[in-house]
Colleague: 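The following block contains the structure, expressed as structure tokens.
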Amino acid sequence: MPGKAFYVTTPIYYVNDAPHIGTAYTTVLADVIARYRRALGDDVWFLTGTDEHGQKAAEAAEKRGLTPRAHCDELSQRFRDTWAPLQISYDVFIRTTEPRHLRVVQAVLDDLWKRGEIYRGTYEGWYHVSDEIFVTEKEIEEKAIDRSKLRRISEDNYFFRMGRQRDAIREAVVSGRLEIRPASRRNEVLGFLEKDLGDLCISRPKSRLSWGVELPFDRDYVTYVWFDALLNYVTGAGYLQDDATFARTWPADVHLMGKDILTTHSVYWPAMLLAAGIPLPRRILAHGWWLVGGTKMSKSIGNVVDPLSYATKFGVDALRWYLVREMVVGQDAEFSDERFRARYDGDLGNEWGNLLSRAVNMIGRFGGGKVPSPALEHGGPSEPRTAAAALLDTLPGLVDDVALHRVGEAAMDLLRAGNRHVDLTQPWKAAKDPAKGSVVADALYTIAETVRVASEVLRPILPTKATDALAQLGVTPSGDLRAALRWGGLVPGTAVVPGPVLFPRVDPPAR
RNA sequence: GCCGGCAUAGCUCAGCGGUUAGAGCGGCGGCUUCAUAAGCCGUAGGUCCGUGGUUCAAGUCCACGUGCCGGCACCA
């Protein structure tokens, strides 16, 4: 009986929006979770992808003189091309236009229709004549839409009996079977569920929108966003295609997303699953926004940060570090050049890279280029050793809580202890005294071992740089993080391999 | 309007009934040279938003006030 895999998802991204800092964050976060789980021994199933149907995609294709298919092929590829350099280790990249997904969507819709969970009704709302789209009252206010361009119209459509599921969803959330994080978001969802929950219009007539999944029970309609987009999470897990895979992967262990689509995932999606008789996901985690100057990045304000420009300038790993370390998962965070440089220079360069340089250099000068044997520990366990042991204890819990910023913080604490140990033991002084050979050996071992352990801890966040750091210590990364964290893993006699500075200064200030 | 959250050092935050309220960054002073002008030590003394209350004891619980933020059904 194969065990249950740890299944982590990002939302599927709408092809008409280019990858930006928000989507990059969600995806990097998912990747870091996936890498930690693998390192801690879990089988992992990591899904991301693109959402490709809908009016905007169809219109954009038309404008470019392309078929929707060709347009989406190109834009979907753009996401893959962004994730590759960011080292995103997804197992599945799903596209909603894949034939297997169409089959799943239609099968679910057909089943719900036959069981009366979907019915035909009338949708009435404000229709924007020139944009050819229905707009909500909220959108009219927020976007200050000219009401003279609106007409009140009604049209026949299909509705999903979402309202029926309200109590069941609420029970799942209250009981914790469906966990919503952070807790403040959980409260919001519960508040939302206090009120009546309406049904959900799930169709559009083909006469207005043809780029979508046809309703199996009425070929004049396509399904509108919800069933099409959300069902990707089960399609990508093998639902109705591969029972063994689906049994191994579903339910999802965590759906990650920005807080803007929390309701969709914590109400609509569970309602759909409950109606379809599919188990609910275990956890939904909504993260915050990246802010610039205290306000959300937006194209209209023109304060959008291009994440890849930082990756180009400082390296992909540095970008991943900033995203993971700077944002308290669930809260908003500031993205600024100053903060980025502080993280790069301070955390990566000064604490980590510099300690690596110190260790490798001192082993070269005072240890003959080989990791010495730690003959004894003077005065009990060193501070780094104690810190490493503590880290081994706390890491799995932090990963379970998706408190990745705290994992990063803990790794820096360990490195700080390492730097303190260097100053405490001062091997360059002890090396002058032939009687203190064992003192030097102990010190050098402890310092190198600190860097090794910290690098192993950091590897899921900064895969390339951590591997580079370990290589300088003559170590091949371990696949088993728990084992790697045990003190004493560095084998005495291992030749260190001095290499380039791990995090060189970027545009250092003139002096 | 209704519901909810937050308000702790210059900045970002931790602390969730009990010794002199903490960390990182920044600032200031000193030490050091193995190292990426990196590191280490010390320090700066902040009405823990305000008022009232509960308690032997309150950033830490309750009420009210002020300020900020979030949610409020078809919006990826």
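Residue numbers begin at 1 in each chain, while the letters A, B, ... track the order of the sequences.
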Colleague: How far, in whole Å, is A9(B) from G50(B) if one measures between their P atoms?
Modeller: 11 Å
Colleague: Taking atom P in both G46(B) and A23(B), what distance in whole Å separates the two?
Modeller: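 Roughly 16 Å separates the two P atoms.
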Colleague: Identify the nucleotide, in any strand shown, that forms a Watson-Crick or G-U wobble pair with G29(B), with both distances under 3.5 Å; if there is none, say none.
Modeller: C41(B)
Colleague: For a quick check of understanding: with a heavy-atom distance under 4.0 Å over all strands, which category does I261(A) fall into, base, sugar-phosphate or nothing?
Modeller: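 The residue I261(A) makes sugar-phosphate contact but no base contact.
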Colleague: Between A57(B) and U43(B), how many Å separate the two C1' atoms, rounded to a whole number?
Modeller: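 It works out to 31 Å between them.
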Colleague: Considering only side-chain heavy atoms of N361(A), which listed nucleotide, G24(B), C41(B), A35(B), is closest?
Modeller: A35(B)
Colleague: The side chain of V501(A) lies closest to which of these nucleotides: G5(B), U36(B), C74(B)?
Modeller: U36(B)
Colleague: May I have the distance from R185(A) (atom CZ) to G4(B) (atom C1'), rounded to whole angstrom?
Modeller: 11 Å
Colleague: Got a second to check how far D218(A)'s CG is from S203(A)'s OG, nearest 0.5 Å?
Modeller: 8.0 Å
Colleague: Figure out the CG/C1' separation between L424(A) and C31(B), and round it to whole Å.
Modeller: 14 Å
Colleague: Can you tell me if Q331(A) touches the phosphate of C13(B), counting only side-chain N or O atoms and a distance under 4.0 Å to OP1 or OP2?
Modeller: yes
Colleague: Write down the distance separating the P atoms in A14(B) and A73(B), rounded off to the nearest Å.
Modeller: 30 Å
Colleague: In terms of side-chain geometry, is the basic nitrogen of R283(A) or D400(A) positioned less than 4.0 Å from the acidic oxygen of its partner?
Modeller: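 Salt bridge absent between R283(A) and D400(A).
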Colleague: Consider the side chain of F366(A), meaning its heavy atoms from C-beta on, and name the nucleotide among C75(B), U36(B), C34(B) that approaches it most closely.
Modeller: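 From the listed options, C34(B) comes nearest.
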Colleague: Both D51(A) and A417(A) contact RNA chain B. Which one's nearest nucleotide lies toward the 5' end?
Modeller: A417(A)
Colleague: Working to the nearest 0.5 angstrom, can you tell me the gap between R204(A) CZ and S210(A) OG?
Modeller: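 Those atoms lie 14.0 Å apart.
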Colleague: Which base, if any, makes a Watson-Crick or G-U wobble pair with C61(B), both distances under 3.5 Å?
Modeller: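 Its partner is G53(B).
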Colleague: Please determine, for the side chain of W428(A), which listed nucleotide (A76(B), U33(B), G39(B)) has the closest atom?
Modeller: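 Looking only at heavy atoms from C-beta outward on W428(A), the closest nucleotide is U33(B).
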Colleague: Whole angstrom is fine here: how far is it from CG in D423(A) over to C1' in G30(B)?
Modeller: 14 Å
Colleague: Considering every strand and a 4.0 Å limit on heavy-atom distances, what is the contact class for F160(A): base, sugar-phosphate, or nothing?
Modeller: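 F160(A): no heavy atom of the nucleic acid under 4.0 Å.
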Colleague: Any strand counts, and the cut-off is 3.5 Å on both contacts for Watson-Crick or G-U wobble. Which nucleotide pairs with U36(B)?
Modeller: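 Answer to the pairing question: none, since U36(B) forms no Watson-Crick or G-U pair.
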Colleague: Does this structure show an ion pair linking D347(A) with R343(A), if we count only N-O contacts that are shorter than 4.0 Å?
Modeller: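 Yes, charged N to carboxylate O under 4.0 Å.
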Colleague: Using purine N1 to pyrimidine N3 plus N6-O4 or O6-N4 for Watson-Crick, or N1-O2 and O6-N3 for G-U wobble, each under 3.5 Å, what pairs with C68(B)?
Modeller: G5(B)
Colleague: Looking at R385(A) and E449(A), does any basic side-chain N land under 4.0 Å from a carboxylate oxygen?
Modeller: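 Salt bridge between R385(A) and E449(A), a charged N being under 4.0 Å from a carboxylate O: no.
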Colleague: Nearest whole Å is fine: how far is G5(B) C1' from K259(A) NZ?
Modeller: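 Taking atom C1' of G5(B) as the reference, NZ of K259(A) is at 12 Å.
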Colleague: Identify which nucleotide among C74(B), G4(B), A35(B) has an atom closest to any side-chain atom of C201(A), counting heavy atoms from C-beta outward.
Modeller: C74(B)
Colleague: I need the CZ-P distance between R505(A) and A37(B), as an integer number of Å.
Modeller: 7 Å
Colleague: If you take atom types as modelled and just measure distance, does the side chain of D196(A) reach the base of A73(B) with a donor-acceptor pair under 3.5 Å?
Modeller: no
Colleague: Reckon R204(A) touches a base, only the sugar-phosphate, or nothing at all at heavy-atom distances under 4.0 Å?
Modeller: sugar-phosphate
Colleague: How is G191(A) classified with respect to the nucleic acid when contacts are heavy atoms under 4.0 Å: base, sugar-phosphate, or nothing?
Modeller: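 Nothing, no heavy atom under 4.0 Å.
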Colleague: Using atom P in both nucleotides, what's the gap between A44(B) and U36(B) to the nearest angstrom?
Modeller: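 Their P atoms lie roughly 33 Å apart.
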Colleague: For C74(B), which nucleotide is its Watson-Crick or G-U wobble mate, given both distances must be under 3.5 Å?
Modeller: none
Colleague: Classify S184(A) by what it touches in the nucleic acid, base, sugar-phosphate, or nothing, heavy-atom distance under 4.0 Å.
Modeller: nothing
Colleague: For A21(B) versus U60(B), give the span between their C1' atoms, rounded off to a whole number of Å.
Modeller: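 Per the computed distance, 11 Å lies between those C1' atoms.
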Colleague: How close or far is atom P of A73(B) from atom CG of N157(A), stated in whole angstroms?
Modeller: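 Between P of A73(B) and CG of N157(A): 20 Å.
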Colleague: Return the value, rounded to whole Å, for the distance between atom CG of N419(A) and atom P of U33(B).
Modeller: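 Roughly 16 Å, once rounded to whole Å.
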Colleague: I'd like the P distance from G22(B) over to G59(B), given in whole Å.
Modeller: 14 Å
Colleague: Looking at every strand, decide which applies to K195(A) at a 4.0 Å heavy-atom threshold: base, sugar-phosphate, or nothing.
Modeller: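 Contact class for K195(A): sugar-phosphate only.
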Colleague: In terms of the nearest nucleotide of RNA chain B, which residue is placed more toward the 5' end: D347(A) or K429(A)?
Modeller: D347(A)
Colleague: NE2 of H421(A) versus P of C41(B): gap in Å, rounded?
Modeller: 13 Å
Colleague: If you measure from the P atom in C61(B) to the same atom in G15(B), how many Å do you get, rounded?
Modeller: 12 Å
Colleague: Picking from A76(B), C41(B), C72(B), which would you name as closest to the side chain of R420(A)?
Modeller: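 Taking heavy atoms from C-beta onward, the closest nucleotide is C41(B).
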Colleague: Contact class for G346(A) (heavy atom, under 4.0 Å): base, sugar-phosphate, or nothing?
Modeller: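 The answer is nothing, as G346(A) stays clear of every strand by at least 4.0 Å.
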Colleague: Side chain of N350(A), base of A38(B): donor and acceptor closer than 3.5 Å?
Modeller: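 Donor-acceptor pair under 3.5 Å: no.
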Colleague: Would you check, one step at a time, whether the test side chain to side chain donor-acceptor pair (under 3.5 Å) holds for R120(A) with Y158(A)?
Modeller: CA-CA 4 Å; R120(A) 190 179 172 108; Y158(A) 290 87; 2.8 Å; yes
Colleague: For R181(A), is there an ion pair with E179(A) - N to carboxylate O distance below 4.0 angstrom?
Modeller: yes
Colleague: Please pick, from C75(B), G24(B), A35(B), the nucleotide with the shortest atom-to-atom distance to any side-chain atom of Y224(A).
Modeller: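 When the side chain of Y224(A) is considered, C75(B) is the closest of C75(B), G24(B), A35(B).
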Colleague: Between C75(B) and Y268(A), is there an OP1 or OP2 to side-chain N/O distance shorter than 4.0 Å?
Modeller: no
Colleague: Base, sugar-phosphate, or nothing for E409(A), non-hydrogen atoms under 4.0 angstrom?
Modeller: nothing
Colleague: Measure from the side chain of D17(A), starting at C-beta and using heavy atoms only, and say which of C34(B), A76(B), C74(B) lies closest.
Modeller: A76(B)
Colleague: Would you mind calling G59(B) syn or anti? Take O4'-C1'-N9-C4 for purines or O4'-C1'-N1-C2 for pyrimidines, and syn is within 90° of 0.
Modeller: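 Because its glycosidic torsion lies within 90° of 0, G59(B) adopts the syn conformation.
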Colleague: Hunt down the Watson-Crick or G-U wobble partner of C48(B), both distances under 3.5 Å, from any strand shown, or write none.
Modeller: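 Check on C48(B): unpaired, no WC or wobble geometry under 3.5 Å.
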Colleague: For F227(A) and Y268(A), run side chain to side chain contact (heavy atoms under 4.5 Å, CB included): C-alpha distance rounded to whole Å, both residues' side-chain angles, the deciding distance at 0.1 Å, then the answer.
Modeller: CA-CA 9 Å; F227(A) 277 84; Y268(A) 299 6; over 6 Å; no
Colleague: From the set U36(B), C72(B), C41(B), return the single nucleotide nearest to any side-chain atom of F192(A).
Modeller: C72(B)
Colleague: Can R416(A) and E351(A) be counted as an ion pair, charged N to O under 4.0 angstrom?
Modeller: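 Yes, R416(A) and E351(A) are salt-bridged.
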Colleague: By the 4.0 Å heavy-atom rule, please label L502(A) as base, sugar-phosphate, or nothing.
Modeller: base
